[in-house]
Amino acid sequence: MSPSRPLPSLPETTHTTTPLPTLASPPPLPPPTATTNITIIYNHFGCDIQILIVLQWAKNIKNPKRNSNPSSHFSYHISSHISGKMGFRNKLLVCTTIVSETRDEMVKSMEKAKEEGADLVELCIDSMSPFHLSEVEHLLKQRTLPAIVSFRLNSQKNSYKGDSKNKCLQVLRLAIELDVEFVEIDFELAFDVIDELMQKRENSKIIVSSHVKSGFRCKEKLGNLLVCLQSTGADIIKVVTEVAYITDVAPVFHVLTHSHVPVIVRAVGDRGLISQLLGPKYGAFMVYGSLGDKSIPGLPPLLSIKNVYKLDNVDIDTKVFGVVSNPVGHSKGPLLHNPAFRYCNYNGIYVPLLVDNIKEFLRVFSCTDFAGFSIGLPHKESAVACCDEVDSLAKSIGAVNTIVRRPTDGKLIGYNTDCDACITAIEDALRERQVSNGDVANVSPIAGRLFVLVGAGGAGRALAFGAKSKGARVVIFNRNFERAESLARAVSGEALPIEQLDAYCPENGMILANCSAIGMEPDVHLTPVSKENLRSYDLVFDAVYTPRNTRLLQEAVEVGVTVVSGVEMFIRQALGQFRLFTNGLAPEDFMRKVVLEQF
Ligand SMILES: O=C1C[C@@](O)(C(=O)O)C[C@@H](O)[C@@H]1O
């Protein structure tokens, strides 16, 4: 079944010379000299707020040049202007937020941010406690990176409730006086102070921002908020919004593409990560990253922006690939595919995609720029029904681990590279053993053996079909016995209750393959079969690759059994995927080297 996609829900990033309409369709923008009353209802911090805005367009159009620029990637051009002034011509700006109670800590974090590749820092002055304006002044004079000075009235860290507004105004005025690069005003306060700050500022750019708790499901609502922010006359507008699903990030890309004012957008939470990683493709001039090893949901670490994703290289033509999984944080795919794209001079980026509903994900991100996906747990089986065509091996397995969008017609084609990856890895290891025993045969070394499989999910299915096709007798153990039975029927094998696995030993020379999550981080102390009982196996394979050396593999080595690690399977399935993604490229030696160095 194919996802219904009458209209692509996300804009294709094409080079266009046609002027695009301003951000939101409702309300239409009046001509520049008009004065118009607009009532907009939007959700701010979870409450519906009705605002009457008197739009005085002539007054608010600070830079007429902006409006004559026909590019859809308008914010990118503005950004070049801004970053050019800051000495980073045409460079994507990478920012990190600094939240600390003291000036010393802020200065230290600023140094660290610099080391990790940040171009600028957002100094959240509301987090400083106790508040002394003289300390803020010192900090701003001492700054070693360009800065955004912000003072959020309602942030969690802000401890000056009641007196917040007054302190905020003092800070913003001071920042303007000291000619700090960016000064950020909460939307709530913007109409009260923006004229004063605009008049006094020398070079500072003024950002007006809004932090929205409940997120935006549709681009029109987000567009309306952006119109409100834009109507303040800000140089730059910023929205920080929570998202419940990865598909809620699509409206963010819409506004980035269509805005006529530079926009900073952050979708907060694990599911918002792509708002930063793919922002530059849609014209974002600034992205945020997290500092050090402090993980902040939705923010890529600064070091990964610099070393793994190299977001500076991402542009309008970059093809998007990624691993669709839940959880997804463990996947090493980004560490492998991104360097491989660069090695081959292929303009692609590979990102983690934390997906709850794969069908919905593929429906929303249906434009051709989203060119291919690795499919991880738990989506491998449901992915089959989401493809327009499925290759015969994947169809018979009933699990897809790779989807490629065919460039000629946009159709989604499903493949399974897991099967070949693990079966060839097991065969190679058994052959090596046989060669060292002086025993070489033409038939598969798996043929005739008892193949003990743990797990009947997507990877388990791939192995069961692969082993069966090589002439093995397959026995399946799975926590959900019905699933084990159904898979056993499909490969003319046998299903047994998981409780019998440990003591299972009908013969010697068996192969054990763990395709369950047993032993995966964080449960690294777990193993499916006890050390003593591993002796009846000739080979043990573990699909788990985080950690690299699972307890199962360690104990198998200790009792002298040949092992094949999930890392080997990971490399081989990724090589297969990379060939499909790039239509044939496969820098095997390079990819193996990356895995050995980084994993
Ligand atoms: O099993 C795996 C690993 C994977 O899920 C990952 O974690 O990167 C990606 C999948 O395509 C592959 O089949």
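For ligands, and for the atoms within them, numbers begin at 1 and follow the listed sequence. Because only heavy atoms are used, hydrogens play no part in the values below, and waters and symmetry mates are left out as well, while side chains stay in.
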**Report entry** For atom 12 (C) of ligand 1, the protein heavy atom that lies nearest, with its residue and separation
**Finding:** Gln573 OE1, 3.3 Å

Report summary line: Rounding to 0.5 Å, atoms CG (Asn401) and NE2 (His379) come to a distance of 13.5 Å

Requested in this report: State the atoms of ligand 1, each with its element, that fall below the 4.0 Å cut-off from a heavy-atom position in Gly376.
Outcome: 5 (O)

Report task. Identify, by atom number and element, the atoms of ligand 1 in contact range of Asp418, meaning under 4.0 Å from any of its heavy atoms. Result -> 12 (C), 13 (O)

Report task. Could you pull out the closest heavy-atom pair between Glu568 and Ala425, with the gap in Å? Result -> CG-CB, 3.9 Å

Query raised in the report: Of all the atoms in ligand 1, which lie at a distance below 4.0 Å from a heavy atom belonging to Ser331?
Result: 6 (C), 7 (O), 8 (O)

Report task. Could you find the nearest protein heavy atom to atom 10 (C) of ligand 1 and give me its residue, atom name and distance? Result -> Ile375 O, 3.3 Å

Query raised in the report: How far is atom 4 (C) of ligand 1 from its nearest protein heavy atom, and which residue and atom name does that atom have?
Result: Val323 CG2, 4.4 Å

Query raised in the report: Relative to ligand 1, is Tyr415 under 4.0 angstrom through side chain, backbone, both or neither, heavy atoms considered?
Result: neither

Report summary line: So the atoms of ligand 1 within less than 4.0 Å of a heavy atom of Phe570 turn out to be 8 (O)

Query raised in the report: Applying the side chain to side chain contact (heavy atoms under 4.5 Å, CB included) test to Pro352, which of Leu277, Ile274, Ile246 qualifies?
Result: Leu277

Requested in this report: Indicate the atoms forming the closest heavy-atom contact of Ala113 with Val121, along with that distance.
Outcome: CB-CG1, 3.8 Å

Query raised in the report: In terms of residue, atom name and distance, what is the protein heavy atom nearest to atom 9 (C) of ligand 1?
Result: Ser374 CB, 4.0 Å

Query - Atom pair CG/OH of Leu512 and Tyr504 - distance to nearest 0.5 Å - result: 11.5 Å

Report summary line: Note: ligand 1 atoms sitting under 4.0 Å from heavy atoms of His330 are 7 (O)

**Report entry** Enumerated ligand 1 atoms positioned under 4.0 Å from heavy atoms of Tyr545
**Finding:** 6 (C), 7 (O), 8 (O)

Query raised in the report: For the residue pair Phe361 and Phe373, does the interplanar ring angle fall in the parallel (under 30°), tilted (30 to 60°) or perpendicular (over 60°) class?
Result: perpendicular

**Report entry** ligand 1 to Lys332 polar contact by distance, N or O atoms, under 3.5 Å
**Finding:** no

Query raised in the report: Any heavy atom of Lys380 sitting closer than 4.0 Å to ligand 1?
Result: yes

Query raised in the report: Which one holds for Val328 and ligand 1: side chain close, backbone close, both close, or neither close, with close meaning a heavy atom under 4.0 Å?
Result: neither

Query raised in the report: Taking Phe321 as the fixed residue, which of Tyr309, Phe365, Phe578, Phe341 is the one that meets the ring pair (Phe, Tyr, Trp, His ring centres under 6.0 Å) rule?
Result: Phe341

Query raised in the report: Are Asp542 and Arg551 close enough for a salt bridge, meaning some N to O gap below 4.0 Å?
Result: no

Report summary line: Per side chain to side chain contact (heavy atoms under 4.5 Å, CB included), Leu501 is matched among Asn478, Val475, Val529, Leu496 by Val529

Report task. Return a yes/no value for Tyr350: is any of its N or O atoms, backbone included, closer than 3.5 angstrom to an N or O of ligand 1? Result -> no

Requested in this report: Quick one: look up the protein heavy atom nearest atom 11 (O) of ligand 1 and list residue, atom name and how far away it is.
Outcome: Gln577 NE2, 2.8 Å

Query raised in the report: Does the side-chain hydrogen bond (donor to acceptor under 3.5 Å, both in side chains) test come out yes or no for Ser374 and Tyr350, once each step is laid out?
Result: CA-CA 10 Å; Ser374 305; Tyr350 184 100; 2.6 Å; yes

